[in-house]
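Start at 1 and go down the list; that is how both ligands and their atoms are numbered. Since the model is a prediction, treat every value here as computed from it, not as a measurement.
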Amino acid sequence: MSYIKGLKCRECKREYAIKPVHVCEFCFGPLEVVYDYDEIKKNLTRAEIEGRAKTMWRYRELLPLDSDPAVGRNVGFTPLIKADRLAEVLGVKELYLKNDAVNHPTLSFKDRVVSVAVSKAKEFGFEVISCASTGNLANSVAALAAEGGLESFIFVPHDLEKGKILGTLIYGTNLIGITGSYDEVNRLCSEIAENYRWAFVNINLRPFYAEGSKTFGYEIAEQMGWRTPRHVVVPMAGGSLITKIWKGFKELELIGLLDGVDSKIYGAQASGSNPIVAAFKEGIDWIKPQRPKTIAKSLAIGNPADGFYSLKTIRESEGSAEDVSDEEIVEAMKLLARTEGIFTETAGGVTVGVTKKLIDQGIIPRDESILISITGNGLKTQEAIQDRVGRPLIIEAKFSEFEKIVTPNQRKYRESIVQATI
Ligand SMILES: *Cc1c(COP(=O)(O)O)cnc(C)c1O
Ligand SMILES: [Zn+2]
């Protein structure tokens, strides 16, 4: 049972049948999946969704598959957390985190897009899955291709974090490190995609892949009790996630599951890779490509495919955009961990850091609901915080040695235990 009508050019609106293509033959605009929203509206209710399994597939009518997903059946429905301790530090009233650092199976939001893309690739009959990646996509494609019994070829900048390399190789993929930036990796992959019948999840399957990101937005709305936060801060690499969260909110409104959407969307980048933020601040609607240099490697895209549409989302929702330095990213990662017990990767440091900055600047008010997107897991980017979190004390296994390191302040608990046992 499928509600997909076809593909449509976002620019000239020409329509295409469902096939593995991503650009319009006439104007080179990006293609997007079109649904029969009238039919979905007739058949899908809040109660129906709430009764389904707690995965992203509870919104399957709004995803572009013809059949049940072939891979990633347990992806999504990650925790939405009310972050009161972080709220107190930031001096705001109502703060939430959407935590895809614990998404299944590879601990980033990329499992949402890849489970759709790999399942769609299987429907199309592809036997090889491929991608150009800044790291998390590599992990997810390798894992979900393995689950689907498909061969995979994964292309990354050669100098990625160790955790992201290991977390790809373990699945038995063909991993190719390119001596160049992500943008160069992507250019090479576009050329390969023209010559090999491979499913590049973020190139020829991009229209389907991108739809998976909408579930991040659907879940936020449902988990907040079918309403959306007033302010939503989203990390931007290629700029797909931010546009799809907005699209997701709008779709829920269109099919009558939300009474209205008055959210403002904020784009977050690292200062060392901020092409979208820079364009926003300059007030232009085109992107000046950059050569990224930042510890937030998962977001290090200098020529973002959806940069133009990200700017459109930010402006349409009356949000804003900001960037933070590598130093601020590390501080924000530590702040989140110490206040909420969540260890995010550098991209989460970017969204937490940018949120703090926007609050301090008075752009996000302190008395309205705010949601910060946490999209990846800190265990994958350990390099970023190495030497920044202290070291364990090493002692011999002797009670006397232990007593030497206890501070006078900690010693008070010794006495209270002695009293309690008398
Ligand atoms: C890929 C990625 C993003 C951004 O995704 P885009 O859709 O390309 O903007 C954000 N956070 C993490 C951790 C990512 O891996
Ligand atoms: Zn077109």
Side-chain angles (χ1 to χ4, degrees), residues 7-16 21-32 78 98-103 106-114 117 131-141 156 160-161 163-164 167-168 182-183 186 201-202 206-207 209-214 216-217 233-247 265 267-270 273-277 287 295-307 309-311 313-314 321 329 333 344-352 354 372-381 384:
L7 293 170
K8 190 173 177 181
C9 173
R10 287 174 84 164
E11 292 305 317
C12 75
K13 313 294 175 202
R14 268 198 178 77
E15 293 186 9
Y16 294 80
V21 290
H22 68 296
V23 279
C24 175
E25 289 168 18
F26 295 90
C27 76
F28 301 107
L31 303 183
E32 190 171 39
T78 54
K98 175 64 175 168
N99 188 12
D100 265 18
V102 292
N103 200 13
T106 69
L107 309 177
S108 88
F109 99 88
K110 291 297 198 301
D111 293 322
R112 298 177 184 274
V113 283
V114 176
C131 70
S133 170
T134 58
N136 284 313
L137 187 62
N139 296 170
S140 191
V141 168
V156 294
L160 282 190
E161 300 95 337
K164 298 225 169 126
T168 306
Y182 170 82
D183 298 285
N186 193 45
V201 300
N202 55 344
R206 193 172 179 87
Y209 157 96
E211 291 293 288
S213 283
K214 296 189 305 186
F216 193 91
V233 182
V234 186
M236 302 186 293
S240 177
L241 175 64
I242 189 170
T243 61
K244 295 299 171 175
I245 290 175
W246 183 236
K247 180 180 178 187
I265 313 287
Q269 294 195 297
S273 178
N274 71 345
I276 306 174
V277 175
I287 304 287
I295 56 167
K297 295 183 187 217
S298 57
L299 303 182
I301 297 185
N303 192 10
D306 288 300
Y309 296 102
S310 302
L311 288 168
T313 293
I314 294 165
I329 292 168
M333 287 168 74
T344 186
E345 71 148 80
T346 46
V350 169
T351 48
V352 172
V354 161
I372 307 178
S373 308
I374 302 299
T375 50
N377 193 294
L379 288 169
K380 296 195 204 180
T381 61

message: Quick one about Asn103 and Thr78 (side-chain donor to acceptor, distance below 3.5 Å, no hydrogens or angles considered), yes or no?
response: no
With a cut-off of 4.0 Å, which atoms of ligand 1 are near a heavy atom of [X]?
X      : result
Ser240 : 6 (P), 7 (O), 9 (O)
Glu345 : 13 (C)
Ala347 : 11 (N), 13 (C)
Thr375 : 10 (C), 11 (N), 12 (C), 13 (C)

- prompt: Can you tell which part of Leu299 has a heavy atom less than 4.0 Å from ligand 1: side chain, backbone, both or neither?
  reply: side chain
- prompt: Can you tell which part of Lys110 has a heavy atom less than 4.0 Å from ligand 1: side chain, backbone, both or neither?
  reply: side chain
By salt bridge (Lys or Arg N to Asp or Glu O under 4.0 Å) - contacts of Asp100 (at least two apart): Arg112
- prompt: Is the closest heavy atom of Pro235 to ligand 1 under 4.0 Å?
  reply: yes
statement: Rounded to the nearest 0.5 angstrom, the CG-CG distance for Leu311 and Asp306 is 11.0 Å
- request: Would you name the heavy atoms of Val201 and Cys131 that are closest together and state the gap between them?
  value: CG2-CB, 3.7 Å
- request: Considering only NZ, NE, NH1 and NH2 on the basic side and carboxylate oxygens on the acidic side, decide whether Lys297 and Glu345 come within less than 4.0 Å.
  value: no
